[in-house]
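Note sheet for the following structure.
Please read these numbers as outputs of a predicted model, since none were measured by experiment. Throughout, a chain's letter reflects where its sequence line sits, starting with A, and its residues are numbered from 1.
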Amino acid sequence: GGIITQTPKFLIGQEGQKLTLKCQQNFNHDTMYWYRQDSGKGLRLIYYSITENDLQKGDLSEGYDASREKKSSFSLTVTSAQKNEMAVFLCASRPDWGARGQNTLYFGAGTRLSVL
Amino acid sequence: QQQVRQSPQSLTVWEGETAILNCSYEDSTFDYFPWYWQFPRESPALLIAIRPVSNKKEDGRFTIFFNKREKKLSLHITDSQPGDSATYFCAASEVVGQLTFGRGTRLQVYA
């Protein structure tokens with residue numbers, strides 16, 4: 001088995017601040033994701049990456065940057081935190097094409113963001 | 001426009017009853033439909049999934065019923081238990097596409 005580790009678990013920021021969230025996986029999966037979860041709105045895709053140095057925008061990419069410098073890690077940057085913003089950011093990875101369970105997403109524990 | 005819709009937003013049943021969670025989708029190219037569940041303060045995890053080659057998928061007390069013509073599916077939880085209380089997300093994708101999630105149904109099972 002493997003694990004997805006997200007850091008930090010809790011993040012408190014100031015309005016306008018640039019904030020970076022990190023994700024590490026040891027599944028050796030090629031594809032990784034960042035989702036945002038707001039109460040009552042489900043999971044919305046921010047960015048995903050199908051391999052090292054690849055970046056693909058999701059539906060919610062505006063206001064965010066991402067970086068996939070190596071296969072095992074995927075970071076997300078909130079470019080300018082919005083006042084009173086509260087959300088959970090979930091990192092996920094997926095087995096490679098052709099692998100067993102190839103469409104199953106494995107999620108990390110999340111980073112809970114609050115902006116003062 | 002929401003690609004995947006879920007109803008109801010919240011559902012309460014008594015222990016032993018059958019809970020029925022509904023899902024509909026827009027894109028007729030979707031052909032993989034997983035359900036994820038999420039317990040409070042935990043991450044979502046895959047519960048059960050179906051492909052349109054069949055119209056029913058069963059795993060213990062959990063059954064997906066699929067209607068391709070109407071682009072609808074439902075998750076039935078029989079003999080509901082308090083431990084089933086969670087938020088259930090319906091999702092959809094093409095075979096190698098990215099998953100689109102619904103907004104979730106919050107299920108509460110009372111003893």
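- Aromatic rings of A/Y47 and A/Y64 (six-membered ring for Trp) have centroids beyond the 6.0 Å cut-off, not under it.
- Counted within 6.0 Å of CZ on B/F39, heavy atoms from surrounding residues, nucleotides or ligands total more than 12; the atom is thus considered enclosed.
- Of the atoms belonging to B/Q38, it is side-chain heavy atoms, and not backbone ones, that fall under 4.5 Å from chain A.
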Report task. Report the C-alpha distance between B/R5 and B/E26 in whole Å, list the side-chain angles of each, state the deciding distance to 0.1 Å, and finish with yes or no for salt bridge (charged side-chain N to carboxylate O under 4.0 Å, His left out). Result -> CA-CA 9 Å; B/R5 289 191 174 87; B/E26 296 290 327; 2.8 Å; yes

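- A salt bridge links A/R36 with A/D38: at least one charged nitrogen is closer than 4.0 Å to a carboxylate oxygen.
- For A/L43, the parts lying near chain B are the backbone and the side chain together; criterion is any non-hydrogen pair under 4.5 Å.
- Proximity to chain B (any heavy atom under 4.5 Å) is restricted, for A/Q37, to the side chain, taken from C-beta onward.
- Both the backbone and the side chain of B/P44 come within less than 4.5 Å of a heavy atom in chain A.
- For B/T18, there are no side chain to side chain donor-acceptor pair (under 3.5 Å) partners, not counting sequence neighbours.
- Looking at A/R44, neither its backbone nor its side chain comes within 4.5 Å of chain B, counting heavy atoms on both sides.
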